[in-house]
Peer 1: 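Let me give you the structure first, and then I'll get to my questions.
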2 protein chains.
Amino acid sequence: MPKLVDPEARRREVVDALFRVVVRDGLQRTSLRAVADEAGLNIGSLRHYFSSQQDLMDFAMQSMLDGLTDRLLQHVERIGDLSRHPHPERLRLVADLLAELLPLDERRRAEVTVFLDFNAAARTNPAFRDLSHQAATGTRRLVRRVLTRLDESGTLRPGRDLDIETERLTALLDGLGLSAVRHPDVLSAQTCAEALRVHLEDLSDGR
Amino acid sequence: MPKLVDPEARRREVVDALFRVVVRDGLQRTSLRAVADEAGLNIGSLRHYFSSQQDLMDFAMQSMLDGLTDRLLQHVERIGDLSRHPHPERLRLVADLLAELLPLDERRRAEVTVFLDFNAAARTNPAFRDLSHQAATGTRRLVRRVLTRLDESGTLRPGRDLDIETERLTALLDGLGLSAVRHPDVLSAQTCAEALRVHLEDLSDGR
DNA sequence: CTCTTTGTATCACGCTCGTGATAAATTGTT
DNA sequence: AACAATTTATCACGAGCGTGATACAAAGAG
């Protein structure tokens, strides 16, 4: 028999509300009261599911990272072995995978927005340090893995330093996300995706 | 006869203190009281030079942008006509110019740090919108100008879309700055500069 | 010396915040 | 019906914030 309120579902609802508040008002103005209002809950009720503000924040950020990781792994698995795909399609597959980190639609835009605010706070808030560091190295591991696969399958121009190329591609993704979220009138989603495509083509042979 | 206190100098001292607080504690925790303490002033005294918090913030951010613009213009002027320099040195000159936007030493690190926090706040604080937008387009104008000069002097590989390349290089600079400030243990200043160098070399002919 | 201007220092108000304590209502079980 | 557990709702406290008002000190001008 289902209980009238599923605690886990409630927690997810609250986290969703938190994300909406962060996207709309910024992490700075994301107070417990604001989240409770957005979730249609009383603040006392909210505190029944999250013992403290830090507890809520930790859970929210971990949830976002978990969701992102899941979707990335789905992409990786869907691609499978890169050399099974025809040469010219490999770049498109990789671009689609990495585009999961770019704000190309509303879902990803919200995600990157929250991620940026969260990372900004992590610089001076020790409570977020670990998660932020984990996210940074995680992104690099993914990018490096992608580049290695491209290299092994002979899709990359020779003589590349993978350490540098990893940082370069990671920085490109971070920078594109930053600008597309903060200045969508200056950098559109299309241009964003196009820049990534051009970069990958630049890394590869001339076909 | 010099007045005992130079108001303009005082304002600059206060702004310097503000920058130190932002770098140390983050923009979120940069209250009037914290800045006054850091500057060794009473809060009432601080408010004699800045009528409101917004007044102080505006002045501080505008000061930073002005200082950065000045230094960039000095670089541009020092370079002069790009075609007067030997071919292989052009990329180094351009790299040095753009490296003014990277946190390669303490001064630039502080600047980028403040800039990132400020831009993060600008997303949801209308008072900062104009300055942030101005900074974003200013960076792009500079990058585009640099790329155009490189192209005109025949230093660039042919067939490049300058719109895309401008966004790509801008994103690279933003992303490198972001990672170098937030995760200096992951991305060192050297690697940062190296990534920029590699990118410019990639854009140019193979010599 | 007196007066005006400039700079320095306090106080108090209203606001928002996280949080602890506690009550009240609701639900599931016996 | 009675009880226990869960969920919802209030209240109050102390802290930090920006800001207006105001007092006090110092300095240059007449």
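Note on naming: letters A, B, ... go to the chains in the order of the sequence lines (proteins, then strands), and numbering restarts at 1 for each one. Since the structure is predicted, the reported quantities are computational estimates derived from the model, not experimental observations.
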Peer 1: Salt bridge check, Arg12(A) against Asp16(A): does any charged N sit closer than 4.0 Å to a carboxylate O?
Peer 2: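 Salt bridge: no.
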
Peer 1: Can you check the Gln53(A) CD to dA15(D) P distance for me, whole Å?
Peer 2: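 Value for this atom pair: 18 Å.
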
Peer 1: Within this structure, what is the CZ-to-C1' distance between Arg11(B) and dG7(C), rounded to whole angstrom?
Peer 2: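 The distance from CZ of Arg11(B) to C1' of dG7(C) comes to 15 Å, rounded to the nearest Å.
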
Peer 1: Measure the distance from CZ on Arg10(B) to P on dA26(D) and round it to the nearest whole Å.
Peer 2: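 After rounding, the reported distance stands at 15 Å.
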
Peer 1: Any donor-acceptor pair under 3.5 Å linking the side-chain atoms of Gln74(B) with those of Asp70(B)?
Peer 2: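 Not at all, the side chains of Asp70(B) and Gln74(B) share no donor-acceptor pair under 3.5 Å.
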
Peer 1: Check the interface with nucleotides 10-15 of chain C: list each N/O to N/O pair with the protein under 3.5 Å, or write none.
Peer 2:
unit_1  : atom_1 : unit_2   : atom_2 : d
dT10(C) : OP2    : Asn42(B) : ND2    : 3.4

Peer 1: Regarding Asn119(A) and Ser132(A), is there a side-chain donor-to-acceptor distance under 3.5 Å anywhere?
Peer 2: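 Note: Asn119(A) and Ser132(A) side chains meet the donor-acceptor criterion.
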
Peer 1: Starting at CG of Leu27(B) and ending at C1' of dC17(D), how long is that distance when rounded to a whole Å?
Peer 2: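 Rounded to whole Å, this separation is 14 Å.
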
Peer 1: Please tell me which of the listed nucleotides, dG18(D), dC17(C), dT7(D), lies nearest to the side chain of His48(A)?
Peer 2: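 The nucleotide sitting nearest to the side chain is dT7(D).
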
Peer 1: Where do Leu104(A) and Ala99(A) come nearest, in terms of heavy atoms and distance?
Peer 2: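 Looks like CD1-CB, 3.8 Å.
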
Peer 1: Can you name the residues that form a side-chain contact (heavy atoms from CB on, under 4.5 Å) with Glu165(B), not counting sequence neighbours?
Peer 2: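 Partners of Glu165(B) by the side-chain contact (heavy atoms from CB on, under 4.5 Å) criterion, ordered by chain and then number, come out as Val198(A), Leu147(B), Arg160(B), Arg168(B), Leu203(B).
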
Peer 1: Expressed in angstrom and rounded to an integer, what is the separation of Phe50(B) atom CZ from dG7(C) atom P?
Peer 2: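 About 13 Å, once rounded to whole Å.
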
Peer 1: Rounded to whole angstroms, how far apart are CG on Leu18(B) and P on dG18(D)?
Peer 2: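 The answer, rounded to whole Å, is 11 Å.
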
Peer 1: May I ask you to verify if any side-chain N or O of Tyr49(A) is less than 4.0 angstrom from the OP1 or OP2 atom of dT8(D)?
Peer 2: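 Yes.
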
Peer 1: Roughly, in whole Å, what's the span from CD in Glu13(B) to P in dT8(C)?
Peer 2: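 Glu13(B) atom CD is separated from dT8(C) atom P by 10 Å.
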
Peer 1: For atom CZ of Arg129(A), decide whether the heavy atoms of other residues, nucleotides or ligands shown that lie under 6.0 angstrom number more than 12.
Peer 2: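 Enclosed: over 12 neighbouring heavy atoms sit under 6.0 Å from CZ of Arg129(A).
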
Peer 1: Nearest-Å distance, CE (Met57(B)) to C1' (dT19(D))?
Peer 2: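 The answer, rounded to whole Å, is 15 Å.
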
